[in-house]
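Index from 1, following the sequence.
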Amino acid sequence: LGKELDLVMFHEVAPAMPFFLPKGAYVYNKLVDHMRTLYAREGYEEVITPLAYSPSIFRTSGHLPNYQENMYRLWTDDHVEALAEDLKSADAKKVHAALEKDAFGLKPMNCPSHCVIFGSRKRSYRELPWRVADFGRLHRYERGGVVHGLSRVRSFCQDDAHIFCTRAQVPGEIEKFIGFLNLVYKAFGFERIDIKLATRPDKRIGTEADWDEAEAALQQGLENAGLPFEITPGEGAFYGPKVEFHIHDALKRSWQLGTIQYDPNLPERFDLGYVGEDGKEHRPIMLHRAILGSLERFFSVYLEHSGGNFPAWIAPRQAVVLTVSEKVDAYATDVARRLRARGLRVDLDINT
């Protein structure tokens with residue numbers, strides 16, 4: 001449908017990285033605009049963060065030892081020339097090891113940069129919960145056998161946000177997030193939502209006590225909201241457990257879109273703190289959350305779910321002015337102009 005409706009294309013020059021064409025870009029941007037409007041009401045603030053980072057941030061976050069196989073690394077000619085001078089060797093293994101150590105990385109997720117922002121100045125308990133949103137592009141190297149259309153790509157954007165809060169605020173923030181998610185999914189006509197609590201994987205950071213607390217907090221939030229859920233052992237992220245929201249499309253297929261994750265580990269690794277009511281320094285909890293999830297995946301799921309019949313508010317074409325004779329071409333052109341002046345998205349189909 002994406003190709004047939006002239007919405008999206010792929011090309012070998014950027015494998016598994018979609019090109020959104022004008023009509024597809026319109027729908028995509030309307031999804032972002034819709035979430036931005038809701039963010040203002042729900043108390044989120046938006047930031048814009050860099051695309052490429054020094055490897056030091058990914059060592060601190062734990063991505064280099066735990067996620068490097070899914071990351072894109074970068075280097076420049078200056079970097080390679082400096083390495084060659086330092087190494088005085090053409091040993092490929094030494095050069096590769098040095099590049100692995102010092103090469104910048106494209107961000108696979110926004111959480112490390114949000115930790116940097118939170119830690120850039122002193123914070124007070126009065127600022128919490130702080131809900132920070134980011135629509136930055138992300139890059140993850142997915143293996144060739146895993147990528148699939150728009151649903152699993154290597155370049156994408158999320159309606160990504162992080163909530164920095166106190167431990168006592170966690171259940172309420174989870175409950176509030178679930179209400180927000182249900183509001184969005186209802187607007188798009190998704191009625192069946194399966195909820196899964198994904199617990200600690202074998203490859204993880206943090207103490208067992210942290211994981212016990214994190215899993216219990218997510219479970220309490222779901223129970224407080226009165227929602228049924230199933231537990232999927234070992235499916236959590238390496239930094240914390242997560243709740244996954246799986247929707248069913250018009251073809252009764254299940255897709256994981258939204259998520260909320262409880263993370264005590266990144267605030268610890270980035271040494272984040274806030275001053276509490278008692279005047280002492282405390283460690284915040286970080287909640288990672290998304291509703292649409294990957295916009296590319298949501299786009300593909302909703303395209304199939306709606307059969308390409310988008311509702312008028314996001315449809316890339318709302319009207320077509322069609323003529324049956326060239327005698328009225330001038331009038332049809334004027335009609336299209338007047339409709340566009342009123343804000344409608346109009347195609348003009350005249351005899352030539």
Side-chain angles (χ1 to χ4, degrees), residues 1-41 46 48 133 135-137 147-153 155-159 183-192 247-253 255 257 291-352:
L1 278 175
K3 183 177 180 180
E4 180 184 330
L5 297 176
D6 205 26
L7 301 172
V8 66
M9 61 168 271
F10 288 88
H11 196 280
E12 61 186 15
V13 297
M17 298 183 187
F19 291 73
F20 281 87
L21 304 175
K23 290 178 180 177
Y26 182 86
V27 177
Y28 195 97
N29 287 331
K30 287 301 286 186
L31 293 174
V32 173
D33 290 345
H34 179 57
M35 295 308 298
R36 280 194 170 118
T37 300
L38 295 176
Y39 279 165
R41 191 185 70 185
E46 189 177 343
I48 299 172
F135 289 100
R137 292 217 66 77
V147 293
H148 178 67
L150 280 176
S151 62
R152 195 76 176 259
V153 291
S155 173
F156 61 99
C157 168
Q158 293 179 320
D159 64 324
L183 176 73
V184 173
Y185 284 5
K186 185 176 180 181
F188 287 101
F190 295 124
E191 298 177 352
R192 179 179 168 184
I247 64 93
H248 288 254
D249 64 16
L251 301 179
K252 301 187 186 228
R253 296 174 301 185
W255 300 91
L257 297 177
I291 293 178
L292 304 182
S294 156
L295 265 75
E296 281 70 10
R297 176 180 291 181
F298 185 87
F299 190 105
S300 71
V301 171
Y302 190 60
L303 177 59
E304 295 291 342
H305 185 68
S306 63
N309 294 313
F310 295 116
W313 67 278
I314 62 170
R317 179 173 65 184
Q318 294 176 313
V320 179
V321 178
L322 174 68
T323 64
V324 293
S325 167
E326 67 246 9
K327 295 178 181 178
V328 292
D329 284 357
Y331 176 67
T333 301
D334 185 57
V335 169
R337 179 192 60 77
R338 284 186 284 157
L339 289 172
R340 288 169 184 150
R342 294 295 186 93
L344 289 174
R345 296 177 295 283
V346 179
D347 282 357
L348 177 62
D349 188 350
I350 59 178
N351 292 323
T352 56

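In this structure, F298 and L31 have side chains that are in contact, with non-hydrogen atoms separated by less than 4.5 Å. Inter-residue side-chain proximity for L344 and R340 is flagged as unmet; no heavy-atom pair is nearer than 4.5 Å. Taking 4.5 Å as the limit, every side-chain heavy atom of D347 sits out of range of all side-chain heavy atoms of V321. Residues M35 and F135 are in side-chain contact: their nearest non-hydrogen atoms beyond the backbone lie under 4.5 Å apart. Looking at heavy atoms from C-beta onward, R297 lies in side-chain contact with L257 at the 4.5 angstrom threshold. Residues L38 and V184 are in side-chain contact: their nearest non-hydrogen atoms beyond the backbone lie under 4.5 Å apart. Side-chain contact between W255 and H248 is absent, with no heavy-atom pair separated by less than 4.5 Å. Using a 4.5 Å heavy-atom cutoff, the side chains of K3 and V8 are not in contact.
T323 and A332 get closest at one heavy-atom pair: CG2-CB, 3.2 Å. The two residues Y39 and D159 come nearest to each other via the heavy atoms OH-O, 3.3 Å. Pairing each heavy atom of V153 with each of G149, the nearest pair is CG1-O, 3.1 Å. A pairwise comparison of heavy atoms in R41 and L183 identifies NH2-CD2, 2.7 Å as the closest pair. Across all their heavy atoms, P18 and L150 have their closest contact at CB-CD2, 3.6 Å. Scanning both residues, P316 and F310, for their nearest heavy atoms gives CD-CD1, 3.8 Å.
Atoms CG and CZ, from D6 and R317 in turn, are 10.0 Å apart once rounded to the nearest 0.5 Å. For the atom pair CG of L292 and SG of C157, the computed distance is 9.5 Å after rounding to the nearest 0.5 Å. I314 contributes atom CD1, which lies 11.5 Å from atom CG of N29 (distance to the nearest 0.5 angstrom). Note that CG of D349 is 5.0 Å distant from CG of L322, once rounded to the nearest 0.5 Å. Note: S300 OG to R152 CZ = 12.0 Å, rounded to the nearest 0.5 Å. Taking CD of Q158 as the reference point, atom CD of E296 lies at 9.5 Å (rounded to 0.5 Å).
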Next item on the list: List the steps, then state whether side-chain contact (heavy atoms from CB on, under 4.5 Å) holds for D329 with E326.
Entry: CA-CA 5 Å; D329 284 357; E326 67 246 9; 3.5 Å; yes
Margin query: I'd like to know whether D33 forms a side-chain contact (heavy atoms from CB on, under 4.5 Å) with W313, so could you lay out the CA-CA distance, the side-chain angles of the two residues, the decisive distance to 0.1 Å, and finally the verdict.
Written below: CA-CA 11 Å; D33 290 345; W313 67 278; over 6 Å; no
Notebook entry, point to check: Are Y26 and L21 close enough, and set up right, to give a side-chain contact (heavy atoms from CB on, under 4.5 Å), and what steps lead you there?
Noted result: CA-CA 8 Å; Y26 182 86; L21 304 175; over 6 Å; no
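Of the possible donor and acceptor atoms, none in the side chain of R192 sits under 3.5 Å from a partner among the backbone N and O of I247. A distance-only check finds no donor-acceptor pair linking the side chain of E46 to the backbone of A133 [under 3.5 Å].
Residue Y331 places its OH atom among 12 or fewer non-hydrogen atoms of other residues, nucleotides or ligands, all under 6.0 Å distant.
For F188 and Y302, the distance between ring centers is under 6.0 angstrom. In this structure, F20 has its ring center under 6.0 Å from that of F299.
Ring-plane geometry between Y185 and F190 is classed as perpendicular, the angle between the planes exceeding 60 degrees on a 0 to 90 degree scale with a lower cut at 30.
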